[in-house]
Amino acid sequence: MKKTFVSLSFLSLWSSPLWALDNFLGATGEMDLFFVLPALAVGFGLVFYSKNLYLRPPKKEVGFLSITPHKKQRFFPVSDQLENMEPVVAALSEPDTNVYSNLSKITLTHKPGGVYLEEKNYKISILINRRRSRRCYLNDGDILDMGELTLMFTTPLPPKEDEEKTLEGSHLIPRNKRVQGRPIKAYPSLIPADTRKKTYYLTKNLTFIGRSDTCDLVSKAKSIDPRHSKIEKVAGRYKITDLETLGGTYVNGRRVEQKFLKDGDTVTFEAVKYTFSLSGNPR
Amino acid sequence: MKTSLKPYLWAALAIVLSSWAALEFVLLVSRQLGYGAQGFLAGAVLGLCLGAFFTGLDGFFGQSPLRLERGLKFGALIGLCGGILGFYLIDQIAFHFEPFFTNPTIEALAYAQRWVVLSLALGAARGGAEQNNLAASRALIASLLAGISAAVLIGLVSGFLDRPFVLRGFSIFLFCFLFLGFHLRFLQYKREHWLRSLNGKHEGAEFELTRELYFLGTQSNDDINLDRYEEVNSTHAKLLKYEYGYALVDNDPFCRTFVNFRNITEQPLKKGDVIKIGSALFQYCTAA
């Protein structure tokens with residue numbers, strides 16, 4: 001009983017002058033709609049302003065952002081005078097970060113297409129997009145790994161198109177495509193008109209077509225000779241040659257002795273019909 | 001959460017203004033009803049507004065309608081309960097047990113607790129909306145600290161502010177900023193796995209990973225919403241929890257997902273891995 005009284009008196013000592021009684025609901029309705037409506041409007045305006053502020057991506061500059069895990073993100077702008085990676089790493093790494101490379105030999109060249117990075121060390125000590133490479137243009141969002149330091153390159157310029165993409169659609173055979181991480185060639189294909197049969201990919205330089213089992217593309221139709229025609233790769237294009245058969249080989253409805261095939265040509269051996277496709281996409 | 005505090009400060013200001021205005025409006029309307037009803041309504045409105053705003057904030061910022069809806073529901077309901085409990089019930093208790101409340105200290109404490117109760121309710125709503133124990137405990141700790149400090153500061157300040165209108169505004173202001181500040185402070189407490197966005201709309205945002213399954217894609221109910229990025233499908237990939245961390249799984253047979261710029265179908269992630277989905281870049285980080 002005594003104890004509680006002591007503690008209460010202590011509290012009351014501590015309370016009165018400083019700790020005033022909360023008159024939170026004292027004079028209510030003091031301000032009328034004159035305050036309420038503008039405050040509501042401003043409040044809801046601010047909500048959307050803050051959302052825009054949150055969603056607006058920051059302005060892009062040319063530079064490197066250090067994204068090493070467990071380290072603070074820091075940005076280093078790249079100026080035209082910058083020639084190698086030394087100042088970048090000096091600014092972005094911490095004293096205990098190990099960078100196992102001769103940084104003065106990793107040069108940056110400012111070309112009209114963007115920043116060009118060259119690795120001139122004897123042994124490649126840097127990963128660009130997690131791959132070893134000696135020289136490349138730096139695109140927006142490229143990741144550089146140098147020892148324990150991870151950097152991301154940012155630039156407002158649009159990414160440079162790969163050579164792969166520009167070649168597509170031309171008469172040349174498309175180069176490597178990747179499936180499951182492994183590069184595969186997109187081979188040109190012969191798509192049969194009969195939907196029950198499989199697409200044949202021209203993976204070899206010389207392909208024989210005929211009824212014989214020794215041929216590469218075997219078709220058991222009666223009108224086809226044992227060795228009917230061949231398709232060979234000549235200077236990057238595909239040539240079909242008729243092997244002096246009775247039935248003959250037809251391309252786009254015309255009987256041919258030999259002909260270079262284009263994308264979308266129909267190849268016919270009397271009753272059997274194929275479509276030649278360069279893109280390598282099966283139907 | 002984004003690394004910059006600016007949007008959060010503006011949002012806090014917006015919350016203060018709108019909830020203050022709502023409170024004033026309700027008090028204006030219910031002027032004739034008497035003190036008890038006013039306490040009830042004030043608590044209800046404050047709890048409702050603050051709860052809905054604070055819990056819906058993350059979903060609203062992250063543009064995730066699912067989280068926004070869940071947050072609004074949770075926040076409004078639990079905030080309402082907290083507000084009524086803190087503002088109305090204690091008034092009723094003080095009214096019915098008058099002799100006990102004659103001591104000014106006890107009375108002051110009784111009035112100060114309303115902020116703690118309200119804050120705890122809001123914290124419970126915030127943690128509950130996340131539906132995970134870690135987030136809930138984090139929110140409760142932060143809200144307890146925020147509530148106590150807000151109660152003490154408001155109690156100290158109310159001696160100097162003699163106009164109740166100004167006091168109301170100031171206490172809401174103080175409470176909101178303290179609440180948000182403590183929550184942001186405790187946001188990263190004991191987190192284990194998170195995804196850091198490196199470009200585009202979410203640049204700088206860090207998505208904490210606690211649940212068993214996360215979907216990434218353009219669909220509106222994907223957990224990490226990637227619309228406005230190029231070449232992303234709806235529900236493009238998913239993150240699966242396993243014993244030691246998370247694994248990224250390609251969810252769409254027609255679209256590709258990259259880890260460290262290599263096409264994958266399923267790949268356990270390790271610290272520092274760079275995930276690429278369409279044009280979106282993410283970095284997977286783990287604690288220690």
Side-chain angles (χ1 to χ4, degrees), chain A residues 8 11-33 35-58 60 65 67-70 73 129-131 140-141 143 145 150 152 154 178-182, chain B residues 2-3 6-8 10-11 13-22 24-25 27-28 30-31 35 38-39 42 60-61 63 103-108 111-112 114 154-156 158-159 163-165 167-168 171 196 198-201 203-204 260-265 271-272 274 281 283 285-286:
Chain A
L8 281 179
L11 275 173
S12 63
L13 262 182
W14 181 66
S15 72
S16 290
L18 252 176
W19 190 292
L21 208 60
D22 186 351
N23 56 346
F24 187 77
L25 293 174
T28 53
E30 191 182 347
M31 298 288 270
D32 52 5
L33 291 173
F35 164 76
V36 170
L37 289 179
L40 265 183
V42 172
F44 279 99
L46 273 178
V47 166
F48 286 96
Y49 172 71
S50 63
K51 184 192 169 190
N52 285 344
L53 206 67
Y54 184 86
L55 286 181
R56 191 164 53 213
K60 286 222 162 151
L65 182 75
I67 53 165
T68 318
H70 306 307
Q73 285 194 14
N129 284 347
R130 301 280 151 97
R131 285 170 206 285
D140 186 31
I143 310 275
D145 287 86
T150 312
M152 189 174 76
T154 58
R178 280 172 192 283
V179 166
Q180 302 285 316
R182 283 186 208 88
Chain B
K2 292 230 176 180
T3 40
K6 239 185 194 174
Y8 283 95
W10 283 111
L13 199 60
I15 292 171
V16 170
L17 266 181
S18 18
S19 44
W20 188 15
E24 289 299 323
F25 179 71
L27 291 182
L28 182 74
S30 65
R31 212 179 329 183
Y35 187 77
Q38 273 193 335
F60 185 66
F61 272 178
Q63 283 201 315
N103 189 317
T105 313
I106 292 180
E107 202 168 355
Y111 282 118
R114 53 170 60 146
I154 290 167
L156 287 178
S158 58
R163 280 185 71 191
F165 170 73
L167 178 70
R168 279 196 288 270
S171 38
R196 184 202 273 165
L198 296 179
N199 64 354
K201 163 178 111 169
E203 182 166 336
N260 290 336
F261 303 94
R262 279 162 178 78
N263 194 344
I264 54 111
T265 47
K271 185 176 89 185
V274 174
L281 271 180
Q283 193 181 26
C285 306
T286 56

For A:Ile67, does its backbone N or O pair with a side-chain atom of B:Gln283 as donor and acceptor, under 3.5 Å?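 Yes; at least one donor-acceptor contact below 3.5 Å.
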Using modelled atom types and a 3.5 Å cut-off, is there a donor and acceptor pairing between side-chain atoms of A:Arg130 and backbone atoms of B:Arg262?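 Not a single qualifying donor-acceptor pair exists.
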Within this structure, what is the [atom1]-[atom2] distance for the pair [X] and [Y], rounded to the nearest 0.5 Å?
{"X": "A:Leu40", "Y": "B:Phe25", "atom1": "CG", "atom2": "CZ", "value": "8.5 Å"}
{"X": "A:Asp145", "Y": "B:Asn260", "atom1": "CG", "atom2": "CG", "value": "8.0 Å"}
{"X": "B:Glu24", "Y": "A:Leu37", "atom1": "CD", "atom2": "CG", "value": "12.5 Å"}

What part of B:Ala42 is in contact with chain A, defined as an atom under 4.5 angstrom from a non-hydrogen atom: side chain, backbone, both or neither?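 The answer is the side chain of B:Ala42.
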Could you tell me which portion of B:Leu198 (side chain, backbone, both or neither) has an atom closer than 4.5 angstrom to a non-hydrogen atom of chain A?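 Both parts, backbone and side chain.
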Verify side chain to side chain contact (heavy atoms under 4.5 Å, CB included) between B:Leu281 and A:Met152, making sure each step is shown before the conclusion. CA-CA 11 Å; B:Leu281 271 180; A:Met152 189 174 76; 4.2 Å; yes
Parallel, tilted or perpendicular, judged at 30° and 60°: which one describes the rings of B:Phe61 and A:Tyr54?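 Because their plane-to-plane angle is under 30°, the rings of B:Phe61 and A:Tyr54 count as parallel.
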For A:Lys60, does the NZ atom sit with more than 12 other heavy atoms under 6.0 Å from it, leaving out its own atoms? yes
Aromatic contact between A:Phe48 and B:Phe60, with the criterion being ring centroids under 6.0 Å apart: yes or no?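 Yes, they do, as the ring centres are separated by less than 6.0 Å.
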Please report the shortest heavy-atom distance between A:Gly43 and B:Ala14, naming the atom on each side. O-CB, 3.3 Å
If I compare all heavy atoms of B:Pro7 with all of A:Ser50, which pair ends up nearest, and what's the gap?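 Answer, listing the atom of B:Pro7 first, then A:Ser50: O-CB, 3.4 Å.
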As an exercise: rank B:Arg196, B:Lys271, B:Glu203 by heavy-atom pairs under 4.5 Å with chain A and give me the winner.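 Max contact count across the listed options: B:Arg196.
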